[in-house]
Q: 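Before I ask anything, here is the structure I am working with.
Letters A, B, ... mirror the listed sequences (proteins, then strands); counts begin at 1.
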Protein chains: 2
Amino acid sequence: MRDVARLANVSVATVSAVVNGSAVVSAQRAARVKKAMEALDYHADQIARGLKTGRTRVVGVVIPDITNPFYPEVILGAEEVAGLARYSVILCNANEDTAQEERQLNALFSHRVDGVLIACSNPAVAVDRLLHRRFPIVCFDRIPEGFRGDAAATDNFAGGYEATRHLIELGHRRIAILAGRTELSTHSGRMEGFRKAMQEAQLPVLDEYCRTGGMQAETGYRFGRAMVRLATPPSAVFCSNNKVLLGFMRALAEAGVECPADISVVGFDDFTWTENFHPPLTVVYQPARELGRQAMHLLLSRIEGGAAAAECQRVQLRPELHVRQSTARFEEAGRPGQIAAPGYERSF
Amino acid sequence: MRDVARLANVSVATVSAVVNGSAVVSAQRAARVKKAMEALDYHADQIARGLKTGRTRVVGVVIPDITNPFYPEVILGAEEVAGLARYSVILCNANEDTAQEERQLNALFSHRVDGVLIACSNPAVAVDRLLHRRFPIVCFDRIPEGFRGDAAATDNFAGGYEATRHLIELGHRRIAILAGRTELSTHSGRMEGFRKAMQEAQLPVLDEYCRTGGMQAETGYRFGRAMVRLATPPSAVFCSNNKVLLGFMRALAEAGVECPADISVVGFDDFTWTENFHPPLTVVYQPARELGRQAMHLLLSRIEGGAAAAECQRVQLRPELHVRQSTARFEEAGRPGQIAAPGYERSF
DNA sequence: GGTGTCATCCGTAACGTTTAGAACAGCTGC
DNA sequence: GCAGCTGTTCTAAACGTTACGGATGACACC
């Protein structure tokens, strides 16, 4: 900057003024400065600027699992609107680990990011602390319990409800749920939707039909193996996590259980490959990219509007049921020896 | 920091010394300082530190398409080793757009990142400029032509070669290739491997069997539609990009062409879902996460070792062919009316 | 007691910006 | 001719660190 000033024969203040347009400078001088900047390939140092202004034009995004294709899609949307507003994003992958999440948050904070977008687990002590300091933070996807701040998420209750309704309407009565970690708002919401639908249809939700706790394919596989060994296996399953679903389907395949002939399955999240899956999957789709966009909008307006803005903004996105071929009508006396009770049981 | 110093009744220099361990300070004082830091919840400001030291402990990672599940997996590995070394990573998604890539690079640079990891397209003017200034930069996956710097990538030639050999050994003679953008090192490498295998087997590579240029499902779909309309369609296809493959398979399904009965397909990259695909896909797997780890190692050692380190380090990872059910033996007089020439053609 | 050697500690000048306020020049109006 | 404006430019003090060089005191040695 000093070099630019010298070359253009002005002071650094003038250079700063033309860079930021923060003060009026005569056309002639401005031209000189611009030429000098060009000549020296000058780019303002965001670090120094950040130190002085307290604003870095960097936001943090922390997600629990970058390997779950849902999140990259969200990031895509978030990055899109951040980039448009000339913000950069630091990405942190917490790996489903609260301790790591907290470390990441601290790192972000000491890097002086202007705000953070986070899909976070309970309990959210670190997040609450930040929020309490009026630090711009918005939660997306997973909203910690009791969180009082901006948030964007899919209507998980509706998603769970519709998925279950779909199964019920197909004639299923013995419906199981694989629900991921229910201490997360996402999965508890989907679970609630499931319960509501079951209750409305006066169907029981059996303990042995409720499996919770895991978020990886591995746990889905375990669930699947356990489920096929049940004396009376369910005729349909709602699986609220896509990675769990993958493992579950693998277990079914290994056990020779056919979907949808022997069992109907509806999953969560839709991707390019779900329609080429075997079988093409019925899923509840959530608009992941749009979620990323909206969440980042919330964050940026919080950052620019300051904490003075409206107390707490929430956006909720509607999921959509995409019906494909992993769900089929259930006939009690259907495919002989498979759907009918005794043969069905033995076939597992 | 001033507050901490005041509370501990020492100078800021001393606080800095205990934070960084950069000078010896008596145990008693150190304890006082630590207690004060605790009491005030002091965290060093990385921005100020960065300004002073010229090192930010942030690295940039720029990828061409976060929606391609290959890259998140790479990021996972990169983040893992960066985190261990207490570096944060700024993620940039270039969206397969050279102009955007250059903007991202500039942003990273003015944020004073200590180095960047990039999978970049040709021509790599921006990258070359950085490299020329001895800025720590390592290319991964896609290595621009003539790039003289650190790089990590899969042996794409071997991947293409093995995929093609596999098809040839299954008896295929009319083999097509869907090669993505061949100006990228990845796809040109895979293409070269393909050519080599074809040449060794004295098989012709026909123009109408070579489709290049796209990286999205949409183009794969177009390729597929065009290919099934050919007078003499190929009996096997090597598709060097996973998203293109998805579109291609969709086109086949729509046209009623069955895989592997009518056509064998081998893809690139392996994911959790490839084995549940319909049909389970034969693919050449590249160790994406390990690639991320190695690339980040290269970068960090370049950063810490300075430009003084070895002239230029390269690591190459071996891909593996994962054989599943999308490839099958080709019998000239096989499945009647499908594989035999005239009927085969009509069946499309 | 003077001198030299350590071991600690502190003052302070940077790092590259922004920004408040001072300075200055050219007008206008009386 | 001078006060008062306006419009432009500059000076210099921050922002929160680090690190160089000097200061201080304790101790040992002659």
Q: If you look at every heavy atom in A/L7 and A/A39, which pair is closest and at what distance?
A: CD2-CB, 4.3 Å
Q: Exactly one of B/I137, B/L108, B/I118, B/V125 should register a side-chain contact (heavy atoms from CB on, under 4.5 Å) with B/L130. Which one does?
A: B/I137
Q: Checking A/F70 now: which residues fulfil side chain to side chain contact (heavy atoms under 4.5 Å, CB included) with it, not counting sequence neighbours?
A: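 Per chain and number, A/F70 pairs via side chain to side chain contact (heavy atoms under 4.5 Å, CB included) with A/N68, A/V74, A/D141, A/N242, A/D269, A/F271, A/Q286, A/A288, A/L291.
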Q: Between B/R293 and B/E79, is the closest basic N to carboxylate O distance under 4.0 Å?
A: no
Q: Closest heavy-atom contact between B/V62 and B/F140?
A: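 Closest heavy-atom pair between B/V62 and B/F140: O-CE2, 4.2 Å.
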Q: Decide, yes or no, whether a salt bridge links A/E183 with A/R142 under the criterion of side-chain N to carboxylate O below 4.0 Å.
A: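 Result for this pair is no, no salt bridge flagged.
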Q: Using a cut-off of 4.0 Å between protein heavy atoms and nucleotide atoms, how would you tag nucleotides 12-20 of chain D 5' to 3' with B, S and -?
A: --BBBBBB-
Q: Pairing donors with acceptors under 3.5 angstrom, does anything connect the side chains of A/D114 and A/T56?
A: yes
Q: In whole angstrom, what separates B/R6's CZ from C/dG11's C1'?
A: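 These atoms are roughly 16 Å apart.
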Q: Expressed in angstrom and rounded to an integer, what is the separation of B/Q28 atom CD from C/dA7 atom C1'?
A: 15 Å
Q: Name each donor-acceptor pair under 3.5 Å that joins a side chain in residues 8-24 of chain A to protein atoms two or more places apart or in another chain, with its distance.
A:
unit_1	atom_1	unit_2	atom_2	d
A/S11	OG	A/A13	N	3.3
A/S11	OG	A/T14	N	3.3
A/S11	OG	A/T14	OG1	3.3
A/S16	OG	A/N20	ND2	3.4
A/N20	ND2	A/S16	O	3.1

Q: Looking at B/T14, I'd like to know whether one of its side-chain N or O atoms comes within less than 4.0 Å of OP1 or OP2 on C/dT8.
A: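 Answer no for this pair, as no side-chain N or O of B/T14 is under 4.0 Å from OP1 or OP2.
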Q: Listed in order of residue number, which residues of residues 29-41 of chain B have a non-hydrogen atom at under 4.0 Å from DNA chain C?
A: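 Nucleic-acid contacts, sorted: B/R29.
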Q: Give the angle between the helix axes at the two ends of the helix from C/dG1-D/dC30 to C/dC30-D/dG1, taking five base pairs at each end and rounding to 10°.
A: 70°
Q: With a 4.5 Å limit on heavy-atom distance, are the side chains of B/I90 and A/L91 in contact?
A: no
Q: Under the side-chain hydrogen bond (donor to acceptor under 3.5 Å, both in side chains) test, which residues partner A/D65, sequence neighbours left out?
A: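 side-chain hydrogen bond (donor to acceptor under 3.5 Å, both in side chains) check on A/D65 returns A/Q216, A/K243.
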